[in-house]
Amino acid sequence: MDQFLQALINGVMLGGFYAVMVLGFSVIWGVMGVINLAHGELVMLGAYITWVLNKQFGWEPFAALVVVMPVMFVLGYILQRVLINRVVERPHLISLLVTFGLGIMLSNSVKLIYTADPRQTKTALSGFWRVGQITFPVTKTYILLAALIIMLLLYLFLQYTRTGKSIRAAAQNREAARIVGIEIHQVYAITFAICTALTGAAGMLISPTQAIFPFMGPPLTLKAFAITAMSGLGSIPGALMGGIVLGLVEVFIATYIPGIGTNLGIVSSFVLLVVVLVTRPQGLFGGLQPATEVR
Amino acid sequence: MKHKFPRLLTLLVILMLFLAACGGGQGGEEPTAPPQEEPTQAPAEEETGGGEEAAAPEFDGVIRLGAAVSETGKYAREGKDTRQGYNLWLDWVNNEYGGIRVGDKRYKVEIVYYDDEGDPDTAANLVEKLITEDEVDFLLGPYSSGLTIATSAIAEKYGVIMVEGNGASESIFERGFQNIFGVLTPAGNYTQSALKALADKGAKTVVVAYEDTAFPTSVAEGAIKWAEEYGMEVLAVETYPKDVADVSAIMTKFRDLNPDVFVGGGHFNDALLFVSAAQELGFTPKAMVITVGPSNPQFVEEVGDAANYIIGPTQWEASMTWQGKYLGTPAEYAARYEAMWNEPPTYQAAESTATALALQAAIENAGTLEMDAVREALRNLDLMTFYGPIRFDETGKNVAKPMGAIQIQDGEILVVAPEEAAVADLLYPMPAWEDR
């Protein structure tokens, strides 16, 4: 029973991180139909900003969020204005290529500046709380809390603000949104900026728990792709549930199958993806409509 | 006008992609290195030439050695260390030692180098060229297990001896070859010293976790074997894939088993994962042995205080206390190396120098340059070097040199095992995370 509860906790913690990691990717895909292959590199960038603040200036990684998110917001805004807006209405392949190239540029630039050595940030919020035989990892608990707060704020923003509403409108029908006077490229830029900020925040959240290095991005992009396809485009509850389902599946398989469990757990997440795509192609939770191709 | 922008931009992006690709290449290739390396190598040979002039009548002949070592490609850095290790020996043997003694004759040594570019096929071709065109007497090994596997097959085909110091994989020695000899401790013995020291301290149970790729698998299989040999019980064995991001499930299972010793690892990143997972789950075995990471000073830098008490294997450290027959102690070797190359020796450099020493000793023992006699002398070699003892088994592995074990104590990397080379006591058991 203890092992079961511990696995449950580990799984939810992992899932919470997956959820916040996937949000930016999912919303960009949902709103403008761009599959951002530089997603993992944006996570990496957020992690490196955190690491620099932590290492050079002794900042607490969680406090670094106040720098990471605005910096990444501005970066995202510029990227969309300069780069993505120009290809967003062209065939998918173009935006795939652009973001793929962007990812390579980012990872190699970081490698040139900080070398390929793995890094880790140090947080004072470490250790564990013990309840009976079960432990709650302190760092991961804060990560989960931060993830939930970020998701709640994004939800409120999309639901109740004017900009949030125009983002949803743009996602549902690009042409109609234009007709009612929404400046679509501005909306896209804001969306990309917000998503980049969220993704950078995910990078901060990853930084105390595992090694960060310039080429950590691609596996994260792959995972984000799997979770998004499973949970529905741009859906916040979907991302949360998708992330947690995946986290639980991975951890439970790893816990209860001896020897090769960790390997099987990771395989299973992609098996799950295939099963969901076959049985519920719209994802587990629906979500924002993908932007339709406009010619 | 408006339509031109996307096209321009696409061009720009393509350009950037190219730049990025070039940037990526640069790190691995470091193509600027070789031209710089040539001159540093040349003076060493000129000196040799100078020595020859001074001591010209002393040399009765020349022994030509051949080596294909990476100068470019992914092993450019380690290849440089390997060459510097060989060249240090070359400089010493010709100018100070007065040439290899064969019977009562003195032979000058020359090394013919080629750049294998880190590619097994190129390396194999170059070694063939060394044997057939340059007609070298003996071969020194390349850098890395993969290239050693490729080139030793060519050496075997022509029956030419290759002594190597930079391929640790067991598979090099499992092919029944007669002409390959490796001076470094093979992967299966990586954890031997650490486990023996821990068993002596009273450790009874072990758990093992490893990445399921070739080298970590060899290390882990060895760890299981040695743990059982020293009377410890292996409670659980777990594997995980490359690029794993979460090991909390493995560590939870291990925590419930409450083992004395944890053995794990594969990559530097995994070392960080294991330490933080153990910390956040309150899993405190009495000792943590991590395969890759602890002996690297960067590990202490990234992990901080949590790195204390962690144990790791090491091939060689300058602080070890071996008494070598030729180049003195590791500290003396390090000083000589630093004077020659302006940087401290890595273990890759040390094992390369030891490789050449082993070949030299075998030639001198044989008293002839005849291939079969030298091979026999290598088989019977029993040599103490600054790098540790060297004695080959019938497969060509060095079975005499124990892997050193280091423990991080107060942020310092100290050799704690084997006893002959230790500079500090092994601290056991390690205190619980919350009591530090």
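Please read all numbers here as calculations on a predicted model, not as lab measurements.
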Under 4.5 Å heavy-atom distance to chain B, tell me which part of [X] shows up: side chain, backbone, both or neither.
X        : value
A:Lys223 : neither
A:Trp51  : side chain
A:Phe213 : side chain
A:Leu14  : side chain
A:Ile257 : backbone

Could you tell me whether [X] atom [atom1] has more than 12 heavy atoms of other residues or ligands within 6.0 Å of it?
X        : atom1 : answer
B:Asp410 : CG    : no
B:Glu434 : CD    : yes
A:Tyr77  : OH    : yes
A:Asp2   : CG    : yes

Can you tell which part of [X] gets under 4.5 Å to a heavy atom of chain A, answering side chain, backbone, both or neither?
X        : value
B:Asp212 : side chain
B:Ser248 : both
B:Thr239 : both
B:Asp256 : side chain
B:Glu301 : both

Minimal non-hydrogen separation, B:Val303 against A:Gln120, with atom names: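 Heavy-atom minimum between the residues: CG2-OE1, 4.4 Å.
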
Heavy-atom pair of closest approach, residues A:Ala211 and B:Leu272: CB-CD1, 3.5 Å

Derivation and outcome, side-chain contact (heavy atoms from CB on, under 4.5 Å), residues B:Val244 and A:Thr262: CA-CA 8 Å; B:Val244 68; A:Thr262 305; 3.9 Å; yes

N/O donor-acceptor pair under 3.5 Å between A:Gln210 side chain and B:Leu273 backbone: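 No.
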
Side-chain donor/acceptor of B:Glu280 to backbone N/O of A:Gly127, under 3.5 Å: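 No, the answer is negative, given that no donor and acceptor are paired below the 3.5 Å cut-off.
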
Pairs of heavy atoms under 4.5 Å with chain A: top-ranked of [options]:
options                                : answer
B:Ala306, B:Ala209, B:Ala245           : B:Ala245
B:Asn269, B:Val275, B:Asp270           : B:Asn269
B:Gly304, B:Gly282, B:Ser276, B:Ala271 : B:Gly282

side-chain contact (heavy atoms from CB on, under 4.5 Å) between B:Gln279 and A:Phe128, worked out: CA-CA 8 Å; B:Gln279 234 178 328; A:Phe128 54 90; over 6 Å; no

Once rounded to the nearest 0.5 Å, what's the spacing between atom [atom1] of [X] and atom [atom2] of [Y]?
X        : Y        : atom1 : atom2 : result
B:Thr252 : A:Ile134 : OG1   : CD1   : 11.0 Å
B:Glu302 : A:Lys122 : CD    : NZ    : 5.5 Å
B:Met251 : A:Thr255 : CE    : OG1   : 13.0 Å

Option that, when pairs with chain B are counted at under 4.5 Å, heavy atom only, ranks first among A:Ala254, A:Pro258, A:Pro118: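 Ranked by contacts with chain B, first place is A:Pro118.
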
Pairs of heavy atoms under 4.5 Å with chain B: top-ranked of A:Gln133, A:Lys140, A:Gln3: A:Lys140

Residues B:Leu281, A:Asn10; criterion side-chain contact (heavy atoms from CB on, under 4.5 Å); working and verdict: CA-CA 10 Å; B:Leu281 291 166; A:Asn10 291 345; 3.8 Å; yes

Working for side-chain contact (heavy atoms from CB on, under 4.5 Å), residues B:Lys253 and A:Tyr256: CA-CA 9 Å; B:Lys253 271 194 270 191; A:Tyr256 285 103; over 6 Å; no

